2 protein chains.
Amino acid sequence: MTKRVTLFTEVADELRRRIQTGVYSEQMKLPSDYELADEFGVSRLTIRKAVDQLISEQRLVKHRGKGTYVMRAPKLYSGHYGLTSFTEVGEHLGKDVQTKLLSLKKIKTDQVALDFGEARELFVIQRLRQYNQTAMTIEELWIPVDYLPPTFSEEQATHSLFQLLEQSHVIGYSHQEIAAVNIEAPYHELLNVPLHQAGFKMMSETYSVDGALLLYDCSYYRGDEYRIKQTLQR
Amino acid sequence: MTKRVTLFTEVADELRRRIQTGVYSEQMKLPSDYELADEFGVSRLTIRKAVDQLISEQRLVKHRGKGTYVMRAPKLYSGHYGLTSFTEVGEHLGKDVQTKLLSLKKIKTDQVALDFGEARELFVIQRLRQYNQTAMTIEELWIPVDYLPPTFSEEQATHSLFQLLEQSHVIGYSHQEIAAVNIEAPYHELLNVPLHQAGFKMMSETYSVDGALLLYDCSYYRGDEYRIKQTLQR
DNA sequence: AAGTGGTCTAGACCACAAA
DNA sequence: TTGTGGTCTAGACCACTTT
């Protein structure tokens, strides 16, 4: 019992803490692998895994022969407090997020061009998501009826479908494609934006590890509220 | 001499070849770490690094206790043969790519809000990039005069500034922020698109490993020619 | 020459999944 | 119970960067 954490996670947590509290400040060079391994009393590989983790979190950078450095934060400030990236949209499940069901129907899988395998019937769920009373996105989701609990209801259709899915399936990966589009009728009214205003159209397919298509999602995001942020290395 | 490759890279190359030739087909389960280590005559850690590499390339997925699987390719087909993502824009340096210099001037660093450190003067380069005679993007770049060779000319301003930069600096990382915007005057004329058509606006800051700001980039991409594609795992 | 990250091994034990 | 991925060690040698 007690906590179920790995050694390298604990090391990573401590390094992250040092970065946040300024023990290791921006642009500063960290002690070497060897020194850290010594200090923490773990093997060098464990240090390297912890550092790799912080690199994937975009807090550190390293370069052969030079050392490991604390990454500088982006200086770009979009005036709005918009969401950071589509990957993080799911994290804003706070109390100010509302979901309104626009439509819920069943269709046969042979009516769509997507390969849902054995599944015969799909739910097609259209819903509007709001944040602080402001319409943010319109989502349209396709999901096999059998992948949701038999008790699935309209009420549940306003909550996280990912969580429902995960009760019976292990989610492996999602392919996403994002386009810049003009928001036209009838979407502009639902999103409460001027006709033709620019927005993001995101299409994604979610698969289980062994490649079964679990969910298809086609959504529109207000361009004035969302930004995509990412960091590229090397 | 001869090739300068690592063991795990060679293993990764062979695994990639097997995936491409169908020895390991889509959705198929690979042999276990142990079996592969045995077959290749290397340690298990080396196999794991090779597999990690292919996972980061989005060719494999794995799950504890279950196994490693070949990832399914995305089924989304944007009708156009547009560029895959901003990360790959630089790879299309084929013969059909043209760059036209729109303007080139020098300014003092104290005229901008960006922290270029010691640098006093910046080049501001505005250029238009075309692919197959079609205008694709408008770029505006800020870069310290000292970071480019003293021989820097207008002719060179139409080629890869990254390559020029790399002659004297090691590039560490770039922060990017992407917005969906309406293309307005005068950009719509340069890009040859209707007024108000949706497009991407991308702002990026490129840093060296030790956190010196090397380059700032603000670009507009035609929404009808570009898509952002990405794959999320777990 | 010294410092620091990159690769590699051989073997051990743990944790989750499926038979 | 068996298979398979996840973590961890201790030590060795290589390659790039800086002194």
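As the structure is a prediction and not an experimental result, all values here were calculated from the model. Below, chains carry the letters A, B, ... as their sequence lines are ordered, and counting in each starts from 1.
In this structure, of D:dT17, C:dG6, C:dT9, it is D:dT17 that holds the atom nearest to the side chain of A:His63. Checked against D:dC8, C:dG6, C:dC8, the side chain of A:Thr6 finds its nearest nucleotide in D:dC8. Minimum atom distance to the side chain of A:Ser32 is reached by C:dT4, of the listed C:dT4, C:dT9, C:dG6. Nearest to the side chain of B:Val42, among C:dT9, C:dT4, D:dA10, sits C:dT9.
Listed pair B:Lys66 / C:dA18 meets the phosphate criterion, a side-chain N or O lying under 4.0 Å from OP1 or OP2. For A:Arg48 and C:dG6, the shortest distance from a side-chain N or O to OP1 or OP2 is below 4.0 Å. Put simply, A:Thr68 has a side-chain N or O that comes within less than 4.0 Å of OP1 or OP2 on C:dG5. Between B:Lys49 and C:dC8 there is no side-chain polar atom (N or O) within less than 4.0 angstrom of OP1 or OP2. A sub-4.0 Å separation between OP1 or OP2 of C:dT9 and a side-chain N or O of B:Thr46 is present. Taking only side-chain nitrogens and oxygens, B:Lys29 comes nearer than 4.0 Å to OP1 or OP2 of D:dT4.
Among the atoms of the strands shown, base atoms are found under 4.0 Å from some heavy atom of A:Leu45.
To the nearest angstrom, C1' of C:dT4 lies 10 Å from OH of A:Tyr69. Rounded to whole Å, atom C1' of C:dC16 lies 14 Å from atom NZ of B:Lys62. Distance, B:Asp52 CG to C:dT7 C1': 14 Å, rounded to whole Å. Whole-Å rounding puts the A:Arg44 CZ to C:dG3 P distance at 14 Å. Rounded to an integer number of Å, the gap from CD of A:Glu39 to P of C:dT4 is 14 Å. For A:Leu7 and C:dA15, the CG to C1' distance is 16 Å, given to the nearest whole Å. Distance, A:Ile47 CD1 to D:dT7 C1': 14 Å, rounded to whole Å. Between B:Asp33 atom CG and C:dC14 atom P there is a gap of 19 Å when expressed in whole angstrom units.
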Q: Go through A:Cys218 and A:Lys201 one step at a time and tell me if the side chain to side chain contact (heavy atoms under 4.5 Å, CB included) criterion holds.
A: CA-CA 7 Å; A:Cys218 177; A:Lys201 178 182 181 181; 3.8 Å; yes
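In this structure, A:Gln111 places its CD atom where more than 12 heavy-atom neighbours from other residues, nucleotides or ligands lie under 6.0 Å away. In A:Arg120, the CZ atom is not crowded: 12 or fewer heavy atoms of neighbouring residues, nucleotides or ligands sit closer than 6.0 Å.
Residue whose closest nucleotide on DNA chain D sits further toward the 5' end, between B:Leu30 and A:Gly41: B:Leu30. Closest-nucleotide positions on DNA chain D for A:Phe8 and A:Tyr34 were compared, and the one nearer the 5' end corresponds to A:Phe8.
Judged by the 6.0 Å distance and 45° axis criteria, A:Lys49 is positioned over the aromatic ring of A:Phe8.
Aromatic ring centroids of A:Phe152 and A:Phe123 lie under 6.0 Å apart. With ring centers used as reference points, A:His175 lies under 6.0 Å from A:Tyr207.
Residue A:Arg64 places no side-chain atom within donor-acceptor reach of the base of C:dG3, judged by atom type and a 3.5 Å distance cut-off alone.
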